[in-house]
Amino acid sequence: MRNLSVAAALLAGAAFAVHADETCNSPYIAKLIKGQEDYVYVWTLGVEGLGDGSDKLVTVDVNPRSKRYGKVIHSASTGARVEAHHMGFTDDRRLIWAGGLADNRIWVFDIATDPAKPRIVQTISDLGERSGWLGPHTYYAMPGRMLVQALSNTQDKGGRTGMALYSNRGKFLASHAMPTDQGGDGYGYDLAVNPRKNVLLTSSFTGYANYMRPIGELMKDGEAMKKFGATMAVWDLKAMKPAQVFSVPGAPLEIRWSLNPKDNWAITAAALTSKLWLVKQEGKQWVAKEVGTIGDPAKIPLPVDISITRDGKGLWVNTFMDGKTRYFDLANPEAPKQTYEKVTGKQINMISQSWDGKRLYITSSLLANWDKGGADNEQFLRAFVWDGKALAQKFEVDFTKEKLGRAHHMKLGSRALRDEAKRQDEAKK
Amino acid sequence: MSRGAAVRALLLLAAAWAPAAQAHHAGLLPPLEFDPPPAGSYVLHRIMPAPEGRVLGLDGRPAALSTYTRGKLTLLGFIYTTCVDPEGCPLAYRVFDALQEAIVAAPALHDKVRFVTLSFDPARDTPQAMRAYAGSRAVEKGAGLRWYFLTTGSARELLPLVEGFGQDLRTTPGSAGGRARRELSHVLKVFLIDHAGDIREIYTSNFLHPQVVLNDIETLLAE
C-alpha cells in the first residue's frame, strides 16, 4: 500500500511499450529488460546417465557484476526425458511454458516468485487428447492465452499437425489445423504474430517419425526426406483462418518480424536449402521472396536459428553443421548481405540477443538424435559480446561437465521481474 | 453508409470532439492497418472468468466488482488518473470515447454494453478524484450506456483484481524533483467481458481500435 501511495503521488506514468526484450519474443509480452539481464534460462534435454538424466530448466547467472557470473545457479528438473526443445513466456512474463517433442506434456514454470529459481507449478497433459497434435514446439504469448504450435500428430506421427490455444491458466480453448488446401502441406514449425496487421505467420518442418530418427539414417531414406515442410502460411489472426499459403521449399523454420513499426515484413531461413526468405506485404496481399543464401547450400550448413536486431537492420544466423554464427545486414531486407562470421562451436543451434544487441548467447544442441558424436558433441551455453565488428566470448558453461544435458532454447530473466506482491512484502521489511 | 464507414466517421467526430476540460484526451486514434473479419465470422473464446473483489463507486460505496461485470457486455480498462503515456490510459480513453459515440448511434447496441474504468492507484485515485477524472462521462448520455468509474479502498483490495485479470503492474525506481521515488507502470490491456462474467477478448495497444471492439461486441451479441 505504501509503495503504491508513494508511486501514486509521483508517478511518471510511463506505460511499457509493447515489445519484447530479447527480440524474438511475442509482441504481447510485457516487462522489457532494457538493461542488463541477470539470468539466462536454458531449456535442456536430459541425457541418459548424465546427472538425473531428465529434461530441466537451468538458470545461469549472466550479470557481469555478480559473483556468480557465468555459473549455473539453479536447475529445475522435470523428472522426464522427452526431447526438451522450446519454451515461451506468458504475456505477463510470470510463467514459462516448456515442452518436449517426444511427448505432449507441457511444464509451466513460475519465474515471478523468484526469478533465480524457476519452479514447476503446473503440468498440462491434455494436448494430444484435446487436439490430436503431438510434439509441442512453439509457445507464443497471446493476451491472456498461449498459442502452441505442434510438429506432429498422435495418429500417424507424421508431419500433419496444428496449433492449440490455451488460457494462461492451462485451460484448452481451441485447435487449429495447419492448412492442407490452398497449396498447404499441413506441416508446422514456428509461428509469429504481427498484431498491427492482424497477421499470424506460420512455417513448416517435419513430423515425429523424422525428427526422432538418427540423422544419418534419415538422410539415407529418400522417401522420408520428402516428408519435410515446404510452405508458409499467412493467417487472419482474429479469425484464425489461413488466408494465403506460400511455397517455401526446404523447411522454413524460425520466423522473425521486423520490430520496426514502419516495417511490414518478416524473415525466415529454410534449413535444407540454406536460403533466407522474406514475407512482405505488397498492397493488401502478402508475398514470399527468396532473398539470400546462407553459406554454401551444397554443403548443407543447416541454418537453425535466427535472431533479428530490434531495429530490423540486422540478422544473426546460426548454422549447425559448420558451427558458424553469421551476421547479415538487413538495411535492404530484399537483399541481405553477410558482413561477419565466426565459428562459435563445433555444433551450434539457438541464438538469443539482449534488447540492446550487445550480448549474444549461443547453445549447442539441435535434437538428441541429430547432434554430432564424439568430440564434436559439445554441449554448452556460450556468452559473447558484440561491439558491432566482432564477437568476443565472455564465458562458457559446459553442460556435459556440469552433468546437465544438451543445451537448447534460451530465455532471458531479471531480478526486477519478481512478483509485485513479493516486492511489496520485501519493501515492508 | 456502411457500418465501417460510419465508425470511421464517428472516429473523426470523436477526435474533433474535445471539450477544453478533456483536451488531454484528444488526438487522432492510430489508423487500423487491416480489415477486421466480419462480426460473427469468428469465435471469441472464454479465456477466464473476470475476478471478483470489492470496489468503490464514485459515491464511495463499496460493491462487488461482479456488479459491474455481469448482465451486460462490459468493456473494462485499468487506468491511473495521472498516466500520460500516449499508448497507455489516454489511448484507452479515446477508444472508449469513440465507442460511446458509435454505440449511441447504433440502436441495436443500446442497453447491451457498459464501460468500466478501474483505477490502479487507490491512494491517489479516491472516489472524489475519480469523479473529477470522469467528468461528464459518468453521466449516461442515453442509449442505456453507463460508464462506471471505480477504484478500490487499498492496494490489498486492488492487487487480487490486477492479478486476476492478468494485468501487468509494477513499481520501478525512478526520480522526481531530485528525490528518489517509485514509479508505477503497466502495459495497456482492455478486457471485453460477456454477460456471464467471462473474459472473451483482451486488447493491447497495438490492436485496440473501436472498429475491432465493435465487431467483437456484435459477435458476442449474436451468440
Side-chain angles (χ1 to χ4, degrees), chain A residues 1-19 27-32 90-94 142-145 165-169 171-174 193-199 236-241 243 261 264 281 284 416-421 423-424 427, chain B residues 30 32-37 41-43 45-48 80 82-89 120-125 154-156 158-159 162-163 165-172 174-177 179 181-189 191 199 201-207 212 215-216:
Chain A
M1 176 64 207
R2 187 162 177 273
N3 278 343
L4 278 181
S5 303
V6 174
L10 306 153
L11 41 92
F16 291 117
V18 184
H19 294 300
Y28 301 112
I29 289 176
K31 302 177 183 173
L32 278 169
T90 48
D91 66 326
D92 57 8
R93 207 173 177 138
R94 300 183 72 214
M142 306 292 288
R145 289 151 284 182
L165 183 67
Y166 281 85
S167 74
N168 280 358
R169 295 174 185 174
K171 174 186 160 192
F172 177 86
L173 298 174
V193 164
N194 184 331
R196 289 184 298 106
K197 300 290 182 183
N198 188 41
V199 162
D236 179 324
L237 174 65
K238 187 81 182 182
M240 284 303 287
K241 290 175 182 168
N264 60 350
Q281 190 177 34
K284 288 206 168 182
L417 298 179
R418 271 174 303 166
D419 202 305
E420 183 63 25
R423 290 157 60 85
Q424 295 215 10
Chain B
L32 187 60
E33 297 184 38
F34 60 92
D35 296 327
S41 69
Y42 53 90
V43 176
H45 300 287
R46 290 175 174 79
I47 301 170
M48 59 184 174
Y80 36 93
T82 46
C83 178
V84 294
D85 183 278
E87 288 197 359
C89 311
F120 274 128
D121 191 356
R124 184 178 180 104
D125 294 344
S154 66
R156 185 182 296 274
L158 169 70
L159 287 177
V162 169
E163 185 169 326
F165 276 104
Q167 169 68 65
D168 164 62
L169 170 68
R170 62 176 182 150
T171 54
T172 53
S175 64
R179 291 191 299 166
R181 306 289 191 184
R182 293 191 70 79
E183 296 172 355
L184 196 62
S185 52
H186 76 293
V187 168
L188 174 68
K189 287 182 180 177
F191 302 84
I199 296 171
E201 183 57 289
I202 303 170
Y203 307 96
T204 61
S205 61
N206 42 27
F207 73 107
V212 174
N215 279 14
D216 291 348

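Note that the coordinates shown come from a computational prediction; the quantities given were computed from them, not determined experimentally. In the text below, chain A, chain B and the rest are named by the order of the sequence lines, each starting its count at 1.
- Of the two parts of B:Val212, only the side chain, counted from C-beta on, holds a non-hydrogen atom closer than 4.5 Å to a non-hydrogen atom of chain A.
- For the pair A:Pro27 and B:Thr204, the minimum side-chain heavy-atom distance is 4.5 Å or more.
- You'll find the side chain of B:Glu33 stays beyond 4.5 Å of the side chain of A:Asn264, heavy atoms only.
- Interface residue A:Arg169: only side-chain heavy atoms are found under 4.5 Å from chain B.
- Annotation: the span from A:Met240 atom CE to B:His45 atom NE2 amounts to 8.0 Å, rounded to 0.5 Å.
- In this structure, A:Ser167 and B:Ile47 approach most closely via the heavy-atom pair CB-O, 3.4 Å.
- Listed for the A:Lys241 side chain is a donor-acceptor partner under 3.5 Å among the backbone atoms of B:Ser41.
- Within the 4.5 angstrom heavy-atom criterion, no atom of A:Asn168 approaches chain B.
- In plain terms, the two heavy atoms of B:Pro37 and A:Asn198 that are nearest each other are CD-ND2, 4.1 Å.
- Between B:Asn215 and A:Lys238 the shortest side-chain heavy-atom distance does not fall below 4.5 Å.
- Between chain A and the options B:Phe191, B:Phe34, B:Tyr42, heavy-atom pairs under 4.5 Å are most frequent for B:Phe34.
- B:Ile202 approaches A:Arg145 most closely through the heavy-atom pair N-NH2, 4.0 Å.
- Of the atoms belonging to A:Leu237, not a single heavy atom falls under 4.5 Å from chain B.
- In terms of heavy-atom proximity, B:Phe207 sits nearest to A:Pro143 at CE2-CG, 4.3 Å.
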